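This report concerns only the one structure given below.
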Amino acid sequence: MDLTAAPRAETSSSFRLWFGFLGGMVAYALHLLVGFWIVPAACGTAAEELIPWVEATATLLFLAMAVAATVVAAGARRAPTADRRTPDPTGRTTGVLRAWDVAPGGSTAHFMASTGILLDAVAVLVILFAAVPLLLVTPCA
Amino acid sequence: MTVRTDARTGAPSADGDRLEQVWGGPPGLRGWCGAVNHKQVGWRFLVTAFVFFGIGGIEALFLRWQLRSPEARSVDPELFNALFTLHGTTMLFLFAIPVLEALAVYLLPLMLGTRDLPFPRLTAFGYWTYVAGGLFLYASFLAGDLPDGGWFAYVPLSGPIYSPGNGLDFWLLGVTLVEISGILAAIEIIVLVLRCRAPGMSIARMPIFAWAMLVTAVMILFAFPPLVVASTMLELDRAIGTTFYEPSGGGDPLLWQHLFWWFGHPEVYIMLIPALGIVSSVVPVMARSRLVGHSLVAASLVAIGIVSFGLWVHHMFTVGIPFLGLAFFAAGSLVIALPNGIQVFSWIATLWQGRVRWSTPLLFSLGFLIVFVNGGITGVMVAAVPFDQQVHDTYFVVAHFHYVILGGVVFPVLAAIYYWWPKITGFQLSERIGKLSFLLVLLGVNVTFFPQHLLGLLGMPRRVWTYRGDQGWDVYNALSTAGAFLLAVGLLLTLGNLLWAWRRSAPAVDDPWGGSTLEWSVSSPPPPYNFRYIPVVSSRDPLWDEPRDTSGSVGRGGRWREDLAHPATSVRVQPVTTAIEGDLEDVMTLPAFSLWPLVTTASAVLGLVGVLVSAYWLLAVGVALVGDCLVGWLWTRQDGLPEAGVEPDDTGLSPVGSPLWWGVATGVVAIASAFSTLVFAYVYLRARAETWPGAGVDLPALGLPLVASGLLLASGVTAVVVHRSGRLGQRGRLQVSLAATVVLGLAFLAVQGSSYAGGTPEIGTAYGSLFVALTGFQHVFAVAVAVALVVGLVKSFRQSSVPVRHRVLSVNLAMLWYTVVALWLVALPLAYLEPRWT
């Protein structure tokens, strides 16, 4: 079957793009796993006193990863892509939302970068939220 | 070739009739039983789910009638316990998930511009498994032994000591079958969305409903297998005396809670996310405006999907976990409101900028907004640990989750029914009845469940059979009961509307709402093949942005479109596209008919009945029949009209990266997810045990298992040769390596079997239970894959060359055997080595 006339698009397989898209959520998942399981594992053992330090280190590490993913996604989003020149056929979406959203005919790379920023931002927020009780709660209480 | 077509529908001239015939399927009862097309199976899913919805609703009315006034005696306490168990189980397992899967199975291929799901036999198998699960659950009525442990079946209540009858066994086996059905649907949906979209439909142009279903399917892959394993473990505790959850044997009831809620909390979002996709489909069309923040909405769905896995302990705030541990789940529970909020604001902004048409689908979508946001607010309240500890297990929680589930599932599903019913059936529903139904449902939901918040705050515990008259609960309960009947009337009006449409309504036009997605470009109801000309899209809203040709099809294409529209052979064919960009890559052929899904399900049910009545010979018969079906499934495949006699092998598909490869890889993820549950159970019970493997427990001998491991590793090497020779089409090497893999695999199983003859750890201990589970899981999987390898080997002798399909099969068999080896490399250290280190 002749498939040569089929449309072909640019590929979007770079590690950078995928890191920007999912890096924050991977950081969140790792932070949850390490942060949650260290508590029952260490409570009641000689390692109990180390819990706040391990938690703080994990938080900083995974927070840095999520922030890095956000920065990478933002960089990828700023990169020029074809879709930014694609006009909105309805011409109705305007202002901030128009500036944020990928145009309806938009490129995959730009889409992944835009969605990645939100995913990474949610990850940063949830890692920060989860770290707050570290300042207030006795680890094994 | 000159092609004459009808100007509006693209209906074929004489040569085009072949497409109609190929996709039509055989007639009669046999044809009905063997139907595999997505529209036939999707429709059955939909009808069956609504039947269960009706049953669950009737159970709810009985519950509310019992609670209408203090000290009522309409239902006895035992039946009340059974009714709330069946109501919860039916609504969550037999209605909420299946109805959304039904919509996905029916609509997604149409929305994505393709002809069918990638594995039609698996679709049908999923449906029959679902039906079997439902029948299993309700067969408890016939046995007079109803499950009464609640929809989350907490142990020890649901264990062998406190629930000695068969009621919980019906529940466990039924739920397990339904979960397996969900996993099969998830595999279908993932491969469909990633590999079978219309050419040009990159992920940036995918409809939000497709995004929602993709996220949901991936979630199912990680959430459902753990429940399948956890419920099998509970069944083993009940049936053969293992002690996964029994403290006297070193087990832990909290393990069930961890495993159940690892499934159970994502389950809430597994129900919600497709519903969000429905609302994001309805709102822009009814607002006649693009969805504001399409990318943000897609990202929100992904964020909800991932964060929802970090919330399972949210249901366990009162079990004694240290506060610092709880903080992680409280944080996730609070933050997940943000991506949900993004979607709500997106819909509001879309309505704000559009010209709104106040149709029934939109009203139900707005009803969702109101009810679900209220449920979300109380969700944020119970995310606060101190508040949750006050209202835990009270009617406040009942009110909260009914607002979430009725708001998050029932309203969007009703919106979907009113929106897509004309497309599915070809009949338009009455707007007047629809709007009246909406008003009654909205009123009914709020009158039923709002007072339950107050009842909870007043201290009324959930699941109580009755209450005294001096507790101040009677007025709110009476109101709640009245609301439930009002809600039932509202829902019955919609049912009446559907029946009225069938008998009296005028035929629906192809696109009654002015929709933007591809399903509206075909006739109502759609033709068996969906699209004569496969659409080629270059926009997110193709019907709004792109011109259509005289046949009504979207986009332009080359010769391949004509070839698919006017096939030369009687074989079902559809395009395959790349996962991210949606570039046309190839074509795939699809089965047209198969009785194996039904027969396989019947065989599995036979085996499970054996478990239920402790007739293990029947279980053995069932397992043997399932094995037989597996052989038949792999051996026979009918991709077109039987009389055509076409063996459509030369599709040009690459073995690695083909849709089958994706399907097998997705299945491997599900297997890994299930096996990880056992690993987690081992680590969890091991960490909590004071002594391990326990006093007086004999460790299994290590010699023979090490020999067996050597054989298995050798089979892994021969599997690499299977992979390479299969890929390159080297017939001789493929046959030799397949045979070697089978022989080495069987030798591994034989040596392991003889090692068990020397004794295994006592299953009445946690270690012994886990030993059986870890090794048993790997062995059962190894046997199943070995059977498939034998089929592959025998098939390779049937032809002189290695056809493309067999290359694909070989590569996938190798992947499955790698998984067998990998599972053993995890099971061996845990089952044999770790206890020796302590």
Side-chain angles (χ1 to χ4, degrees), chain A residues 1-13 22 25 28-29 31-32 35-37 39-41 43 51 55 83 88-90 92-94 97 100-102 104-108 110-112 114-119 122-123 125-134 137-141, chain B residues 199-200 202-205 289-290 292-296 298-300 302-303 306-307 309-310 313 321-332 334-336 338-339 342 349 353-354 536 538-541 544-545 557-560 563-564 575 578 580-587 651-652 687:
Chain A
M1 188 169 287
D2 176 23
L3 302 175
T4 51
R8 295 271 160 182
E10 65 195 271
T11 54
S12 50
S13 57
L22 283 176
M25 282 292 154
Y28 156 69
H31 181 244
L32 176 73
F36 174 61
W37 290 111
V39 178
C43 281
I51 292 176
E55 293 281 4
D83 72 286
D88 177 355
T90 63
R92 285 197 211 109
T93 324
T94 53
L97 289 165
W100 178 271
D101 198 9
V102 178
S107 86
T108 311
H110 192 60
F111 174 81
M112 286 172 72
S114 301
T115 50
I117 291 173
L118 181 82
L119 291 172
V122 169
L125 211 58
V126 74
I127 292 171
L128 280 174
F129 267 42
V132 170
L134 199 59
V137 178
T138 311
C140 295
Chain B
S202 69
I203 57 168
R205 296 170 191 156
S289 171
R290 286 180 202 287
V292 172
H294 180 280
S295 318
L296 291 180
S300 302
V302 179
I306 295 172
V307 176
F309 277 94
V313 174
I321 293 170
F323 281 121
L324 190 60
L326 299 185
F328 288 92
F329 298 89
L334 293 168
V335 171
I336 203 165
L338 287 178
I342 285 172
Q353 76 172 8
V536 177
S538 55
S539 155
R540 194 181 293 151
D541 299 300
W544 287 355
D545 296 340
R559 172 78 196 170
W560 64 272
D563 288 348
L564 290 184
T578 56
I580 303 297
E581 302 286 5
D583 293 335
L584 181 65
E585 192 175 61
D586 226 311
V587 293
T651 60

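Every chain is numbered from 1, with letters handed out A, B, ... down the list of sequences. Since the model is a prediction, treat every value here as computed from it, not as a measurement.
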Task: Minimum heavy-atom distance B/Ala331-A/Ala130, with the two atoms named - done: CB-N, 3.5 Å
Task: Distance in Å, A/Tyr28 OH paired with B/Ile306 CD1, rounded so as to fall on 0.5 Å steps - done: 9.0 Å
TODO: Report the relative orientation of the aromatic rings in A/Phe36 and B/Phe329; use parallel for angles under 30°, tilted for 30 to 60°, perpendicular for over 60°.
DONE: perpendicular
TODO: List the atom of A/Leu118, the atom of B/Ile342, and the distance in Å for their closest heavy-atom pair.
DONE: CD1-CD1, 3.3 Å
Open item on the list: Could you tell me if the side chain of A/Thr115 sits less than 4.5 Å from the side chain of B/Val302, heavy atoms only?
Closed with: no
Open item on the list: For B/Ala687, which atoms come within 4.5 Å of any heavy atom of chain A: side chain, backbone, both, or neither?
Closed with: neither
- [ ] Check A/Leu32 against B/Gly310 and note the closest heavy-atom contact, atom names and distance.
- [x] CD2-CA, 3.3 Å
TODO: Side chain from CB out, backbone as N, CA, C, O: work out which of these in B/Val313 comes under 4.5 Å of a heavy atom of chain A, or both, or neither.
DONE: side chain
TODO: Sort A/Ile51 into side chain, backbone, both or neither according to what part of it lies under 4.5 angstrom from a heavy atom of chain B.
DONE: side chain
Task: Which portion of B/Ile336 sits near chain A, non-hydrogen atoms under 4.5 angstrom - done: neither
TODO: Quick one: list whatever passes ring-ring contact (aromatic ring centres under 6.0 Å, His included) with B/Phe309, sequence neighbours left out.
DONE: B/Trp262
Open item on the list: What part of B/Leu338 gets within 4.5 angstrom of chain A, counting heavy atoms only: side chain, backbone, both, or neither?
Closed with: side chain
Open item on the list: Can you confirm whether A/Phe111 sits close enough to B/Arg205 that some side-chain heavy atom of one is under 4.5 Å from a side-chain heavy atom of the other?
Closed with: no
Open item on the list: I'd like to verify something: which residue of A/Val132, A/Val126, A/Leu22, A/Val122 has the highest number of heavy-atom pairs under 4.5 Å with chain B?
Closed with: A/Val126
